[in-house]
Amino acid sequence: MKQFFTNTLLEWNKNENTRSMPWKGEKDPYRIWLSEIILQQTRVEQGWAYYEKFILNYPTVKELAAAPEEAVFRLWQGLGYYARCKNMLAAARQIVSAYHGHFPNTYETIQSLKGIGPYTAAAIASFAFNLPHAVLDGNVFRVLSRFFDIDTPIDSTAGKKQFAELAQELLPHGLSASYNQSIMDFGAVVCKHQQPACHTCPLAGKCKAFQLGLTGLLPVKAKKLVIRKRYFYYLVLQYKDQVFIRKRTESDIWQNLHEFILIEAPAPEDVTALQSTAAFKNIMKDIRYNTDAVSGTFKQQLTHQTIYSQFLMLSVSKKPEMPGYMAVPRNQLDHYAFPKTITDFLGNRELTLF
DNA sequence: AATGCGGGGTA
DNA sequence: TACCCAGCATT
């Protein structure tokens with residue numbers, strides 16, 4: 001059964017796998033690493049252009065390590081999960097300082113780098129160095145849970161352990177790179193989450209989930225997502241050609257990205273009423289300002305939050321004290337990284353905002 | 001062991 | 001709307 005499973009996947013990869021990607025077959029560990037960080041929880045099509053941008057701007061790990069943080073974040077802007085960007089830059093600097101710019105070549109040293117966990121370490125170890133470590137990503141969970149009919153929740157500790165051990169047992173000797181590539185592509189192309197192609201699947205004959213009609217029920221997840229709503233009111237405060245922004249530093253969404261002056265309300269608020277709240281007065285104090293315009297509501301759906309944002313364009317004729325915020329010329333805003341909802345606003349308004 | 005972190009695609 | 005995507009760090 002094990003032999004059938006691995007051989008079938010390797011054969012499928014050799015003869016029928018048409019999934020092409022810029023980093024496939026890549027042997028440079030730096031490029032493999034870059035692609036793996038970008039692709040964490042991210043679809044291949046979504047990460048593709050970002051990979052190309054990063055390779056173009058930073059062809060080697062030394063160049064990435066030497067880059068200013070703000071420039072790297074600006075390249076990452078729009079991709080999400082921004083801690084990846086922060087950790088990636090830290091890891092690049094680790095590689096230069098501790099390994100003289102040579103990518104570490106054991107599973108343990110690879111995983112010791114910032115932002116690299118079990119999956120990414122196995123991916124780099126196998127693809128770059130053909131080391132015998134099985135990858136365990138969303139695709140592998142799905143393929144294994146279905147073929148072997150395993151209903152242990154994949155988001156439980158027991159599940160992760162069970163699937164990791166099975167994946168490692170299945171890894172064919174000396175073929176780590178091609179086998180890991182095979183099973184992930186197979187999960188993405190054939191054994192898909194929705195509408196798996198069981199009618200043409202070369203594993204279907206021995207797939208337990210297919211035989212039992214359980215493909216729609218596997219893999220199992222134990223936890224259900226709770227989504228909370230948040231209401232952001234941004235004061236786009238302008239003085240001459242400058243606008244006030246700050247970097248988000250709290251342990252919250254969009255850490256290390258920039259934003260305008262934020263008032264978060266516990267519930268939807270009328271923007272006129274907002275201007276007489278304590279929160280607003282605490283920021284604007286007795287500053288004389290003019291309300292030039294008010295935007296509509298921008299909605300952004302994150303995985304576990306829904307953000308409703310509205311932008312108030314305020315202008316002042318005297319430069320105010322605004323602790324924690326910096327006044328930046330509007331033509332330099334593109335040096336800073338912003339969350340999607342703000343780049344949407346800027347894109348929609350840039351002709352009329354200033 | 002549980003929670004939080006983006007943005008986009010699909011049904 | 002609900003779920004998922006070449007997961008990881010933090011608590």
Side-chain angles (χ1 to χ4, degrees), chain A residues 19 21-24 26 32-51 73 76-88 90-91 111-127 133-143 153-161 163-164 167 177 180-189 191-196 216-228 230 248 250-257 298-307 337-344:
Chain A
R19 198 183 192 209
M21 294 168 286
W23 48 84
K24 195 182 269 190
E26 180 62 59
I32 295 169
W33 165 65
L34 193 54
S35 72
E36 295 299 343
I37 300 300
I38 287 173
L39 292 173
Q40 286 168 4
Q41 290 293 285
T42 303
R43 289 169 305 101
V44 165
E45 309 81 66
Q46 192 184 354
W48 190 305
Y50 283 86
Y51 173 80
F73 267 95
W76 195 276
Q77 172 178 286
L79 192 55
Y81 281 170
Y82 297 92
R84 290 184 293 171
C85 182
K86 181 94 173 173
N87 289 331
M88 178 181 72
Q111 199 184 339
S112 74
L113 297 171
K114 283 278 194 183
I116 298 188
Y119 163 77
T120 306
I124 297 170
S126 63
F127 294 146
H133 296 274
V135 293
L136 182 55
D137 74 334
N139 292 303
V140 180
F141 274 120
R142 189 168 53 252
V143 175
I154 63 172
D155 54 352
S156 68
T157 303
K160 288 188 184 95
K161 184 168 184 288
F163 281 96
N180 279 338
Q181 189 66 61
S182 303
I183 190 167
M184 287 197 288
D185 281 346
F186 188 83
V189 174
C191 196
K192 298 175 289 184
H193 166 55
Q194 289 157 319
Q195 302 186 340
L217 301 177
L218 293 170
V220 172
K221 268 199 172 178
K223 304 182 191 82
K224 191 164 155 49
L225 203 58
V226 180
I227 299 177
R228 93 174 141 125
R230 301 175 72 176
R248 289 176 63 89
E250 305 81 15
S251 167
D252 194 358
I253 58 170
W254 302 331
Q255 191 170 24
N256 294 301
L257 270 60
F298 288 69
K299 178 182 176 182
Q300 185 175 12
Q301 187 62 57
L302 308 183
T303 298
H304 41 269
Q305 297 183 22
T306 309
I307 311 292
F338 294 93
K340 160 92 162 114
T341 209
I342 292 183
T343 57
D344 281 352

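All chains are named by letter (A, B, ...) in the order of the sequence lines, taking the proteins before the strands, and each is independently numbered beginning at 1.
Proximity of Lys224(A) to the phosphate of dC3(C): a side-chain N or O atom is located under 4.0 Å from OP1 or OP2. Residue His304(A) has no polar side-chain atom (N or O) positioned under 4.0 Å from OP1 or OP2 of dT3(B). Side-chain nitrogen and oxygen atoms of Gln301(A) include none within less than 4.0 Å of the OP1 or OP2 phosphate oxygen of dG8(B). The shortest distance between the side-chain N/O atoms of Arg84(A) and the OP1/OP2 oxygens of dA9(C) is not below 4.0 Å.
Using a 4.5 Å heavy-atom cutoff, the side chains of Gln181(A) and Arg19(A) are not in contact. For the pair Lys221(A) and Ile154(A), the minimum side-chain heavy-atom distance is below 4.5 Å.
Rounding to the nearest 0.5 Å places CD of Gln40(A) at 11.0 Å from CG of Asp137(A). How far CG of Leu34(A) is from CD1 of Ile124(A): 10.0 Å, rounded to the nearest 0.5 Å. For the atom pair CG of Asp344(A) and CD of Gln300(A), the computed distance is 7.5 Å after rounding to the nearest 0.5 Å. Taken from CD in Gln255(A) to NZ in Lys86(A), the straight-line distance is 7.5 Å, to the nearest 0.5 Å. Rounding to the nearest 0.5 Å gives a distance of 6.5 Å between CD1 of Ile38(A) and CE of Met88(A).
Backbone-only contact: Asn87(A) has heavy atoms under 4.0 Å from sugar-phosphate atoms and none from a base. Contacts of Gln77(A) with the nucleic acid, taken as non-hydrogen atoms under 4.0 Å apart, are absent. Lys160(A) comes within contact range of no nucleotide atom at all, as no heavy-atom separation falls under 4.0 Å. Residue Arg228(A) is classed as having no contact, given no heavy-atom separation below 4.0 Å to the nucleic acid. Note on Met21(A): a base of the nucleic acid sits closer than 4.0 angstrom, heavy atoms only. Among the protein residues, Ile38(A) comes within range of no part of the nucleic acid, since none of its heavy atoms lies under 4.0 Å from any strand. Looking at heavy-atom distances under 4.0 Å, His193(A) makes contact with sugar-phosphate atoms alone, never a base. Within the nucleic acid shown, Ser35(A) has no heavy atom closer than 4.0 Å to any nucleic acid atom. Gly78(A) comes within contact range of the sugar-phosphate backbone alone, with a heavy-atom separation under 4.0 Å but no base atom that close.
Atom NZ in Lys221(A) sits roughly 12 Å away from atom C1' in dA2(C) (whole-Å rounding). Across the protein-nucleic acid pair, Gln41(A) atom CD and dC3(C) atom P stand 15 Å apart, rounded to whole Å. For the pair Arg43(A) CZ and dA11(B) P, the computed distance is 12 Å after rounding to whole Å. Between the CG atom of Leu302(A) and the C1' atom of dG6(B) there is a distance of 6 Å, rounded to whole Å. In this structure, CZ of Phe298(A) is placed 20 Å from P of dG6(B), rounded to the nearest angstrom. Separating the CD1 atom of Ile32(A) from the C1' atom of dA6(C) is a distance of 13 Å, rounded to the nearest angstrom. Between the C1' atom of dA6(C) and the CH2 atom of Trp23(A) lies a distance of 9 Å, rounded to the nearest Å. Spacing between atom CG of Leu136(A) and atom P of dC5(C) amounts to 12 Å, rounded to whole angstrom units.
Side-chain to base pairing of Thr303(A) with dG7(B): one donor and one acceptor N or O lie within less than 3.5 Å of each other. Between the side chain of Thr120(A) and the base of dG7(C) there is no donor-acceptor pair of N/O atoms closer than 3.5 Å. Between the side chain of Thr42(A) and the base of dG6(B), a donor-acceptor pair under 3.5 Å is found. Taking 3.5 Å as the limit, the base of dG7(C) and the side chain of Tyr119(A) contain no donor-acceptor pair of atoms between them. No hydrogens or angles were tested; on distance alone, nothing pairs the side chain of Gln46(A) with the base of dG8(B) as donor and acceptor under 3.5 Å.
Out of dA6(C), dA1(B), dC8(C), the shortest distance to the side chain of Pro118(A) is found at dC8(C). Minimum atom distance to the side chain of Pro339(A) is reached by dG7(B), of the listed dA6(C), dG7(B), dC5(B). Relative to the side chain of Tyr82(A), the nucleotides dA6(C), dC5(C), dG7(B) differ in distance, and dG7(B) lies closest.
Separating the P atom of dG8(B) from that of dC8(C) is a span of 22 Å, rounded to the nearest Å. dA6(C) and dC5(B) have their P atoms separated by 23 Å, with the value rounded to a whole Å.
The residue among Lys24(A) and Lys114(A) whose nearest nucleotide of DNA chain C lies closer to the 5′ end is Lys24(A). Residue whose closest nucleotide on DNA chain B sits further toward the 5' end, between Arg230(A) and Gln195(A): Arg230(A). Taking for each of Gln111(A) and Met184(A) the nucleotide of DNA chain C with the nearest heavy atom, the 5'-most of the two is the partner of Met184(A). Judged by closest nucleotide on DNA chain B, Ala158(A) is the one of Gln194(A) and Ala158(A) placed further toward the 5' end.
Ring planes of Trp23(A) and Tyr51(A): perpendicular class, angle over 60° (limits at 30 and 60°).
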